[in-house]
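What you see is a predicted model; the values in this text were computed from it and never measured. Within every chain, numbering begins at 1; the chains are lettered A, B, ... in the order of the sequence lines, protein sequences first and strands thereafter.
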Protein chains: 2
Amino acid sequence: MIGIVGGVGPLAGLDVFKKIIEETVALKDQEHLPVLLSSQPQRIVDRTNFLVGKEPTNPAYAFLEIIKELDAAGAQIAAIPCNTAHAPAIFDPLRAALNTPPLSIRVLHLVEETAKFIQQQYAGHKIGILSTTGTRDTGLYTKMLEQHGIESISPDDVLQEKVHQAIYNESYGIKAYSSPVTTHAKEDLIQVVEELKNQGAQVIVLACTELPLALTEKTYFGLPTVDPNRVLARALIQHVAPEKLKPL
Amino acid sequence: MIGIVGGVGPLAGLDVFKKIIEETVALKDQEHLPVLLSSQPQRIVDRTNFLVGKEPTNPAYAFLEIIKELDAAGAQIAAIPCNTAHAPAIFDPLRAALNTPPLSIRVLHLVEETAKFIQQQYAGHKIGILSTTGTRDTGLYTKMLEQHGIESISPDDVLQEKVHQAIYNESYGIKAYSSPVTTHAKEDLIQVVEELKNQGAQVIVLACTELPLALTEKTYFGLPTVDPNRVLARALIQHVAPEKLKPL
């Protein structure tokens with residue numbers, strides 16, 4: 001069984017689950033893979049707030065408890081569809097706690113899986129990164145891509161504020177208005193993609209799990225988008241039932 | 001916590017979960033409600049096959065086991081987003097088993113919640129019912145609506161076959177091709193709605209949880225659609241956090 005830690009944000013867990021269904025070879029209900037999605041948003045403090053020092057509690061411990069629950073329920077593999085949760089300040093203590101004593105459940109690293117995918121598909125390309133400010137400031141994607149031999153660029157402060165507001169703003173951001181996403185959020189994001197293209201980006205990583213809800217096309221201005229949630233969904237299937245993974 | 005028995009079909013559980021998020025008043029992650037979605041399609045035989053005698057095992061017992069797991073995990077209320085699962089031949093033994101000994105979790109009845117909603121919103125209207133053949137032949141909606149004082153009509157055998165194939169056909173049905181739904185499935189369903197309108201229907205109930213994936217508009221030929229999954233999502237919120245339920 002696949003486990004998903006949901007609630008970060010609420011739609012991101014559903015998004016990965018939907019992509020697991022989309023990427024699975026199955027013609028009837030019974031051929032789909034078992035999945036347990038545990039969405040406990042009230043237990044998990046905002047990841048960005050923790051990274052920027054506005055929130056003292058490390059969300060790693062809430063993630064640990066939920067992963068233990070997924071393990072006890074029979075999940076062999078799990079993932080957290082929240083990029084910011086993979087910052088070392090959160091993911092490193094989580095990984096350490098998962099290993100002492102070792103749980104049988106394995107937890108995939110969203111950013112590492114994405115970097116591996118980009119290395120396979122877009123070696124030699126310059127990658128533009130759209131993310132929360134928390135993710136950008138930790139250099140999470142930049143460093144992971146660098147470790148995989150991939151060059152990247154991130155928005156400058158003015159553009160970054162546009163991206164961050166498109167996600168978090170309480171009057172038009174995706175976290176508050178996701179179904180449908182507001183035109184304001186969508187247009188701001190598209191403008192940032194265009195600017196990153198002008199600065200040399202050849203591929204865009206949608207490095208916050210809310211972003212694919214707004215940027216739903218496969219390309220913008222000719223730049224292909226990489227959706228870490230879809231990469232993650234495929235990696236989860238690959239681990240539990242490789243024979244059911246659809247070809248790319 | 002809200003529990004959802006998923007996997008019947010796989011997208012229907014996600015659909016109810018998404019509608020819970022949409023119908024909840026929340027401006028940030030932490031304000032959303034805790035939800036546990038357990039999708040175990042391999043454990044649950046096809047409900048229609050059981051009702052028409054092609055499958056000997058009653059899926060009620062698999063539903064019972066999953067509901068017990070949701071109860072043990074802390075869910076106070078649960079639902080099964082599959083109309084066919086609410087046929088008396090399946091739901092009655094499930095309800096009996098849930099009461100001996102009584103579990104603390106409460107399980108909402110999808111069809112009963114829908115009939116209550118129609119009674120409140122569309123009293124005096126004639127209701128057209130789109131469903132699987134299993135659901136139609138058991139008279140599940142017809143009888144429940146009648147008990148709530150509501151008149152309804154169902155497709156004749158020729159039209160019903162179109163609806164059933166739009167759901168089940170392995171080359172174009174919604175269960176095999178749901179994201180996106182095929183034009184073939186969508187057009188056949190719209191044609192059946194038009195025929196039901198000609199026969200006097202004033203409101204259309206999408207009485208199989210796959211149907212709202214194909215019929216996404218609020219009205220067809222002026223007939224409003226009722227989506228039992230959205231009705232169910234609202235009833236679940238009403239039970240755990242009425243103050244967070246969005247106004248209609």
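- In terms of heavy-atom pairs under 4.5 angstrom with chain B, the leader among A:I44, A:V8, A:L14, A:V45 is A:L14.
- Contact check for B:Q165 versus B:D188: no side-chain heavy atoms found under the 4.5 Å cut-off.
- Put simply, the side chain of A:L51 does not reach to within 4.5 Å of the side chain of A:D137, judged on heavy atoms.
- A donor and an acceptor atom, one from each side chain of B:T132 and B:Y168, are nowhere located under 3.5 Å apart.
- In the model, A:D71 has a side-chain atom that pairs as donor or acceptor with a side-chain atom of A:S104 under 3.5 Å.
- Using bins of under 30°, 30° to 60° and over 60° for the plane-to-plane angle, the ring pair B:F91/B:H86 lands in the parallel bin.
- Interface remark: A:I4 contributes no atoms to any contact with chain B (heavy atom separation under 4.5 Å).
- Of all residues in residues 16-31 of chain A, those placing a non-hydrogen atom less than 4.5 angstrom from a non-hydrogen atom of chain B are A:F17, A:K18, A:I21, A:E22, A:L27, A:D29, A:Q30.
- Between A:T57 and A:E55, the side chains place a donor N or O and an acceptor N or O closer than 3.5 Å (distance only, hydrogens not considered).
- Note on A:R136 versus A:E161: no salt bridge recorded, every NZ/NE/NH1/NH2 to OD/OE distance being 4.0 Å or above.
- Between A:E210 and A:K186 there is no salt bridge, since no side-chain N of the basic residue sits under 4.0 Å from a carboxylate O of the acidic one.
- Defined by atom type and a distance below 3.5 Å, a donor-acceptor pair is present between the side-chain atoms of B:Q40 and B:S38.
- Applying a 4.5 Å heavy-atom cutoff, none of the residues of residues 229-248 of chain A approach chain B.
- Distance alone, capped at 3.5 Å, is enough to place a donor-acceptor pair between the A:Q76 side chain and the A:M1 backbone.
- The closest side-chain heavy-atom distance from A:L36 to B:L36 is below 4.5 Å.
- Interface summary for chain A: among B:G9, B:P10, B:A72, the most heavy-atom pairs under 4.5 angstrom belong to B:P10.
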